[in-house]
Colleague: 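Input: one structure, supplied below.
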Amino acid sequence: MEPKIWRDMGLSDDEYQRIEKLMGREPNFLEVGIFSVMWSEHCSYKTSKPVLKKFPTEGPQVLQGPGENAGIVDIGDDLAVAFKMESHNHPSAVEPYQGAATGVGGILRDVFTMGARPVAVLNSLRFGPLTEENNKYLLDGVVSGISGYGNSIGIPTVGGDVYFHSSYNGNPLVNAMAIGLLEHKDIAKGVATGVGNPVMVVGAKTGRDGIHGATFASVELSEEAQPPAVQAGDPFMEKLLMEACLELIQSGAVVGIQDMGAAGLTSSSSEMASRGNSGIEMELSLVPCRETGMTPYEIMLSESQERMLIVPQAGREKEVEEVFARWGLEATVVGRVTDDGMLRLLEKGRLVAEIPVKALTDEAPVYHRPSQEPDYYQKLKNTKLENIELKDSAENVLLALISSPTIASKEWIYRQYDYQVGTNTVVAPGGDAAVLRVRGTSKAIAMTTDCNSRYVYLDPYIGGILAVVEAAQNIVCVGAKPLAITDCLNFGNPERPEIFWQFEQACAGVAEACRALNTPVTGGNVSLYNETLGQAVYPTPMIGMIGLLKDLDQVLKNQITSEGEQLYLVGEREGELAGSEYLSRFEQLEAGSLPEPDLKEIQKRLDFILEGNKQGLLLAAHDISEGGLAVCLAEMTINCGAEINIESGNQLKVLFGERLGRIIVTAPKEKSAALETLAREYDIPLTHLGSSKGKNLKIKVAGQECLDVPLSQYRPLYESAIRDIMES
Amino acid sequence: MLKARVKVTLKKSILDPQGSAAEKALKSMQYPVESVRIGKFMEVVLNEDDKDKAEKIMHEICQKLLSNPVIEDYSFELEG
Amino acid sequence: MLKARVKVTLKKSILDPQGSAAEKALKSMQYPVESVRIGKFMEVVLNEDDKDKAEKIMHEICQKLLSNPVIEDYSFELEG
Amino acid sequence: MKIGVVRFPGSSCEVDCLEAWRLVGEDPVMIWHQETSVKGFDLIVLPGGFSYGNYLRPGSIARYSPIMEDVIRFAKSGGLVWGISNGFQILTECGLLPGAFLRNVGLRYICAPQYLRVENSDLPFTNQYEKGRLIQIPISHGEGNYTIDDEGLKRLQDNNQIVFRYVNTDTSGNPNGSRDNIAGIVNKEGNVLGMMPHPERAVEEIIGGVDGKEMFLSVLKHWEGRSQGGA
Ligand SMILES: Nc1ncnc2c1ncn2[C@@H]1O[C@H](COP(=O)(O)OP(=O)(O)O)[C@@H](O)[C@H]1O
Ligand SMILES: [Mg+2]
């Protein structure tokens, strides 16, 4: 075989030799194609595997950890939550609407394939600054794609996060997370077992779209990289497919089920056989195709959307067909489960490929990439920030920060999402985390996505910790207890030692924080090669966390609703300038040394808030993140002003310094004493800040009046900043 | 002034959910329909009398705005 | 088999939100555009060889499904 | 009262409607679109969502679902029919209500709280409101821009068929470009209502308000009155 063939498919010469050795012969074109997608980074995790091994994945709450289509955690009452996050970065860069839409479609399939009914979607987005037309175009397209798909399928999009930073120019990040509910008995898995059981393709017909998409996802974006034919989504088809699959799973006829995501029929069949320690034989001429004359290669590598592979019990094929027919869908037997461990493909009876399944999965190469601390690291860490002073009046700084797209209200985005369908959304987008009630119980689940990649860039280890901490804070701020996470690890080209170092360090940080906060990793997704023209995105290990509220009545607000609420700061009074929004915006500097968070202390503070809420001492909570304390207060006082008096501290660091692990809470006057007592019991720092009052936000620091702004001034800025940019 | 009539159609390999839905509906209503594909039809009036210039402009705006070259093809006719 | 090419356009009296948006965008990009109206273009393949019958069928399905007579007009051409 | 909520392929608010009816003590039934009769029902709800993906035009394909023939007959014989959002679009497509829908001005989907003014409170669906009351009921649609010709509009106005109008309290005026700010209308006889806002999403404080609950209570009140009148 010509080296050009495998090289064009993204295989290295070493990898090709490994294939020959595993096969014991020269593979044919189709077989090389199959190996190339299965061994792509996207499917094989060949680079990331050794690193991901370090994540804590166990806990009493975990019913299904990494390795399946989605993770599952127990929420009691025989109920469980399935959830997972995934990237669709490169397709969205090429065609933002369809790229984002099919991203939503794909992650939903991952969840309902587990037997769970999807109840919510979140999205985590990163774009270059909106001062550039192309980034506006991408944001607009991505948001309409998410809206177009999620709304039509009738699952609420309830949250997410968005940041704008120049490192994402040309390579936006589009990560989607889906959450589903199920009963323990309905957990389904992606396994093919039972020799002789049929293998069925269900849902949409196979077309020539997205061939080699998994490979495309595993290379850098460049002028030459040929994007595959774009996949278009059909949310209506997906909705029917979802209803049919859930109905079928409940019938008990299903042995194994898996969606056809990246690498389509190839990955679904070989992964199911691999998990089942079995083999699969398929007659490709039986696969329903949308176009005529499709070759076995095209059929195996197509990434047409809205398809699933199902292994039902032998003899129940008719039942499967009937369920799907009721929803107007096709279900076709295309093969059967065997016991010889081979993926065997026939075309009209002629053998066209025969590969040991394990060669495609377990035997995929694993790389221990060299890792090296990048030059920038020490330099930025040692940048002196001591002499930096407040550049402008505190009022002007606050108004500028609050109207910068990363901090401003995301309403322009989420009003395009149907966040209410299902009538379970208790905390809608705009809060710290979304909250959905679980009908038939008194419980609710909370969910959030977070990652400040500037922190991760400055210090990947600490930044990784902080991404998890921020997610946990957001969950706690709505009154829920953090349960577990999923992640989506977006990095540059791991073949560059500096990038691989970022990856290793960030994952170590995530692992450390998950261990300390008792939120195991139940699954996730790795998206490498996020680079344009040799420029990597900021390392972005997105964290999707879910939490549980035992009692729906204990949902905490994130805003002040009435006068006389007592405001308290949990945590340090001063933040740091390192990595802060202030520094970036007013000094054009992204530098500094991030203090290593004390996870034990942070856990204590989170527990304190949960306990205070349980005892009915709290009215609202909001965590301090980008922009610092002043921004946090402004966000809390959108409806009612406050008078704040902080006795000591450096004005700049108090108002705009950043440091995670700090949360502002409010209590009714008559509960203040009890709250203060509880803080002493928990041995955590609690500072009384002042009380809600009037229509202005007034802040005094160290006896000096530094800020007095009417909310009628900052509220419109906060609310319309993104809209004004997007609709001008 | 010149008027351009533009047809924008989905590329062959791209799924057309709208067309398939209409196709299925018509079939279930017993019409002898084999297939339906749905695209866009636009009428653009240009403030330009020179046909050559107009043609150039139309190609530009079709590529930039009226169609999405990644998934669609376009064609147009100019008329006086 | 016969193929029908169908144009569905919004009635003159009906405001066209999509068309006006495109028009605005093109004007702001400095193109000499007077107006844009956006409708649909459909290709329907019929399992029918008789032109007269096909014509009758097409009128029916255009009125019943492919257009909404309250706001839209349609026209089509048949082709062998 | 025997209430049926029709489920089309692609509907998504059918369960929300069922739940809202349960909240006021009713025991509604789901009707699959392939059924052919609504005999025995007192009210038919056409729920929101994306029937048939809303492909082609919203409601255009659902209008030909088997069940619709009998729903049309039912409506014409005076039966109560209530179309919400996509249900409203289906009602205009099948001619039970006049007018048609275009994409929202601005071309974006909108999900948001919305103020409405109750313009007609003498209906089976609105008798629990006072005329002129402002209520908050969320909207969620991409093609809610109601359009109708001059004569048609005049007829709606003259016959008091406009039931809800979008109004402005702070920032939320006409969200989608609807003619005459129309958010909901009835047929001349008053038994077929179509509205774009989602009252089933406004029946509990915990999910964002209760202003829609009176609609459900209105229908029940009307029904009681009727049965006591022996009709
Ligand atoms: N892409 C998005 N989709 C939906 N909701 C979003 C999105 N981005 C932000 N939001 C909403 O806005 C809220 C505030 O976002 P963000 O500023 O990132 O908050 P935080 O700093 O608390 O994480 C989020 O909790 C979410 O509910
Ligand atoms: Mg927060």
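To find a chain, count down the sequence lines: A is the first, B the second, and so on, and within it residues start at 1.
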Colleague: Salt bridge (charged side-chain N to carboxylate O under 4.0 Å, His left out): which pairs involve residues 49-59 of chain C, sequence neighbours left out?
Modeller: none
Colleague: Who among B:Gln18, B:Lys7, B:Met29 has the most heavy-atom pairs with chain C under 4.5 Å?
Modeller: B:Lys7
Colleague: Please check if the number of heavy atoms outside C:Glu79 that lie under 6.0 Å from its CD is greater than 12.
Modeller: yes
Colleague: Quick one: salt bridge (charged side-chain N to carboxylate O under 4.0 Å, His left out) pairs with a partner in residues 12-40 of chain C, sequence neighbours left out?
Modeller: C:Glu23-C:Lys27
Colleague: In Å and rounded to the nearest 0.5 Å, what is the OG to NZ distance from B:Ser35 to C:Lys3?
Modeller: 7.5 Å
Colleague: Output the residues of residues 58-71 of chain C for which the shortest heavy-atom distance to chain B is under 4.5 Å, in residue-number order; output 'none' if no such residue exists.
Modeller: C:Glu60, C:Ile61, C:Lys64, C:Leu65, C:Leu66
Colleague: Could you tell me which of B:Asn47, B:Val6, B:Val33 has the largest number of non-hydrogen atom pairs under 4.5 Å with chain C?
Modeller: B:Asn47
Colleague: Find the distance between CE (C:Met42) and OG1 (B:Thr9) and round it off to the nearest 0.5 Å.
Modeller: 13.5 Å
Colleague: What part of B:Ala25 is in contact with chain C, defined as an atom under 4.5 angstrom from a non-hydrogen atom: side chain, backbone, both or neither?
Modeller: side chain
Colleague: Among pairs that include at least one residue of residues 4-36 of chain B, which meet ring pair (Phe, Tyr, Trp, His ring centres under 6.0 Å), considering only residues two or more places apart or in two chains?
Modeller: none
